[in-house]
Asks: 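One structure coming up, written as structure tokens, with questions to follow.
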Amino acid sequence: MTELQETILEVKDLKTYFYTKRGVSKAVDGIDFALKKGETLGIVGESGCGKSITSLSILRLIPTPPGKIEGGEVLFKGKNLVEIPDSEMRKIRGNEISMIFQEPMTSLNPVIPVGEQIAEAIRLHQKMNKKEARAKAVDMLKLVGIPSPEKRAKQQPFQLSGGMRQRVMIAMALSCNPEVLIADEPTTALDVTIQAQILELIKDLQTKLGMGVIMITHDLGVIAETCNTVAVMYAGNIVEHSPTQNIFDAPKHPYTRGLLASLPKIDEDKDELYTIEGSVPSSYNMPPGCRFASRCPFAEDICEKKKPELLEQQDGSKVRCWMYSEEWTAAKPQQGVFS
């Protein structure tokens, strides 16, 4: 079995709900995907679709209450992380599965030097003494390309630029040599030059360490540059799961097509960008059928009434759309998909 064939993390029918005075919010409502060793899986979708809740659910960082993992499995090296004791989960979190959080300024302690924050994780998981952990923290800052790492290790987060703080977060996430790295919008609020450097850094470190990476973003450009496979999320569901090249060459779900159509193109002279009409349904009141039906130009009666399954296609991709089902083909034998 080669590195790229070994599945290291598998999510099955994961459901994470939030119980509030307003009602039950089904933020993540039955998603499935697998991550292979050395692979980068992209999870893409607009704000509020459930991307970050998925990552927090994997690490069991959902605030309880009001949140609760209501069902499903998160299998990591044969263990279901949903069921193991908190003490065992703490040994895995930050050690074997690590995460780069979305906003480094709020994720770092503002009054503790960044080197001390990295060293704390090293002491906890790697059983090093303070001197060894501090030395390893400096080495990690050097690894992620921070100049004068000894000096920077003694500085507090407000003394560093946004790009440096993000590199500190990466250094902290990688300090224990994790097997899985979850990167939640790792380039948000960074300028284009720093964004490119951060993405290149993650790719280089993945190659060196052989990690599996889950890249969470709303930026399709980041997906194209970094990911092997892509899961497109909409309203708490995965609506398309495919190799990255297939997503860009032959997108199947109407929502994926809409996302790609809305991207500006250099060779097109248009005054207005394409927009997807309508709005995302409320997570407190999901429709019984396809969650994209109210915005879909191809929707039929069955789309409004019955939820489609995630159907596997001949090219290895999966799509949650009635147009790729036997029912649709039988009802409209003369009409091809998107015709």
Side-chain angles (χ1 to χ4, degrees), residues 6-12 14-18 27-28 31 33-41 43 50-104 106-109 112 114-128 133 136-137 140 143-144 157 165-186 202 205-206 209-216:
E6 182 183 346
T7 298
I8 190 168
L9 182 73
E10 189 171 7
V11 174
K12 295 183 177 181
L14 180 64
K15 297 178 181 178
T16 303
Y17 298 168
F18 289 84
V28 173
I31 65 170
F33 63 81
L35 176 70
K36 297 175 182 177
K37 192 171 183 180
E39 175 191 49
T40 300
L41 165 69
I43 300 180
K51 305 186 300 297
S52 294
I53 298 299
T54 298
S55 65
L56 294 174
S57 299
I58 291 171
L59 288 172
R60 276 187 27 200
L61 290 173
I62 297 296
T64 305
K68 185 179 180 182
I69 298 176
E70 278 291 4
E73 297 177 313
V74 178
L75 302 176
F76 175 65
K77 298 197 297 188
K79 295 180 181 178
N80 183 5
L81 302 186
V82 175
E83 296 179 345
I84 62 175
D86 290 342
S87 58
E88 190 173 351
M89 189 66 213
R90 282 193 292 270
K91 293 177 182 178
I92 293 173
R93 189 190 299 129
N95 186 26
E96 297 178 78
I97 304 177
S98 200
M99 183 169 177
I100 304 170
F101 290 92
Q102 190 167 355
E103 177 45 60
T106 56
S107 300
L108 292 168
N109 190 315
I112 298 178
V114 295
E116 287 297 319
Q117 297 189 53
I118 298 171
E120 181 182 6
I122 296 170
R123 288 200 306 271
L124 179 65
H125 294 296
Q126 302 293 306
K127 307 303 180 186
M128 293 184 181
K136 176 74 180 290
M140 292 306 301
L143 179 67
V144 298
R165 288 196 295 266
Q166 194 64 282
R167 288 172 186 264
V168 169
M169 292 296 297
I170 295 172
M172 189 181 298
L174 299 180
S175 61
C176 298
N177 301 323
E179 295 182 62
V180 174
L181 175 68
I182 302 172
D184 187 3
E185 302 276 9
I202 292 174
L205 293 174
Q206 179 186 24
L209 301 175
M211 301 178 297
V213 175
I214 298 176
M215 181 71 68
I216 296 172

Asks: Considering only heavy atoms from C-beta outward, does the side chain of K136 approach that of I118 to under 4.5 Å?
Replies: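 Side-chain contact under 4.5 Å: no.
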Asks: Quick one: closest heavy-atom pair of I182 and S55, and the distance?
Replies: CG2-CB, 3.6 Å
Asks: Residues two or more places apart in sequence or in another chain: which of them pass side-chain hydrogen bond (donor to acceptor under 3.5 Å, both in side chains) with E73?
Replies: none
Asks: What distance do M99 atom CE and M169 atom CE have between them, rounded to the nearest 0.5 Å?
Replies: 9.0 Å
Asks: Closest heavy-atom contact between L9 and F76?
Replies: CD1-CB, 4.0 Å
Asks: Below 4.5 Å, heavy atoms only, C-beta onward: do L41 and K36 meet side chain to side chain?
Replies: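 Not in contact.
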Asks: Which residue is it: E6, E10, E96? I am looking for the one with a salt bridge (Lys or Arg N to Asp or Glu O under 4.0 Å) to K77.
Replies: E96
Asks: Looking at every non-hydrogen atom in both residues, tell me the closest pair between I112 and Q117 and how far apart they are.
Replies: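 Taking every non-hydrogen atom into account, O-NE2, 2.8 Å.
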Asks: Are the side chains of I202 and T40 in contact, using a 4.5 Å heavy-atom criterion?
Replies: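 No, every pair of side-chain atoms sits at 4.5 Å or beyond.
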Asks: Check whether any side-chain N or O of N80 sits under 3.5 Å from a backbone N or O of L75 as a donor-acceptor pair, and report yes or no.
Replies: no
Asks: Are L205 and I170 side-chain neighbours, meaning at least one heavy-atom pair lies under 4.5 Å?
Replies: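 Yes, side chains in contact.
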Asks: A side-chain contact here means heavy atoms from C-beta on lying under 4.5 Å apart; do L108 and M172 qualify?
Replies: yes
Asks: Check whether any side-chain heavy atom of I58 lies under 4.5 Å from a side-chain heavy atom of I214, and answer yes or no.
Replies: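 Counting from C-beta outward, I58 and I214 do come under 4.5 Å.
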Asks: Grab the two heavy atoms, one from K37 and one from G210, that are nearest each other, plus how far apart they are.
Replies: CG-O, 3.6 Å
Asks: Please name the pair of heavy atoms, one in C176 and one in H125, separated by the smallest distance, quoted to 0.1 Å.
Replies: SG-CB, 3.8 Å
Asks: Does the side chain of N95 come within less than 4.5 Å of Q126's, by heavy atoms?
Replies: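 Answer yes - side chains close enough.
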Asks: Apply side-chain contact (heavy atoms from CB on, under 4.5 Å) to the pair V114 and R165, showing each step before the final yes or no.
Replies: CA-CA 9 Å; V114 295; R165 288 196 295 266; over 6 Å; no
Asks: Quick test of your reading: applying salt bridge (Lys or Arg N to Asp or Glu O under 4.0 Å), list the pairs with at least one residue in residues 115-127, sequence neighbours left out, ordered by first then second residue.
Replies: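 Qualifying pairs, neighbours excluded: E116-R134.
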Asks: Rounded to the nearest 0.5 Å, what separation is found between the CG atom of L35 and the CE atom of M211?
Replies: 10.5 Å
Asks: Which pairs would a plain distance check flag for residues 59-70, meaning a side-chain donor or acceptor within less than 3.5 Å of a matching protein atom at least two apart in sequence or in another chain?
Replies:
unit_1	atom_1	unit_2	atom_2	d
R60	NH1	L81	O	2.7
R60	NH1	I84	O	2.7
R60	NH2	I84	O	3.3
R60	NH2	D86	OD1	2.4
T64	OG1	I62	O	3.2
T64	OG1	G67	O	3.0
E70	OE2	Y19	OH	2.3

Asks: Does some side-chain heavy atom of L174 sit less than 4.5 Å from a side-chain heavy atom of M140?
Replies: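 Contact flag for M140/L174 side chains = yes.
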Asks: What's the shortest heavy-atom distance between A137 and A119, and which atoms?
Replies: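 Closest approach of A137 to A119, heavy atoms only: CB-N, 4.1 Å.
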Asks: For F33 and L14: C-alpha separation, side-chain torsions, deciding distance, then whether side-chain contact (heavy atoms from CB on, under 4.5 Å) applies.
Replies: CA-CA 10 Å; F33 63 81; L14 180 64; over 6 Å; no
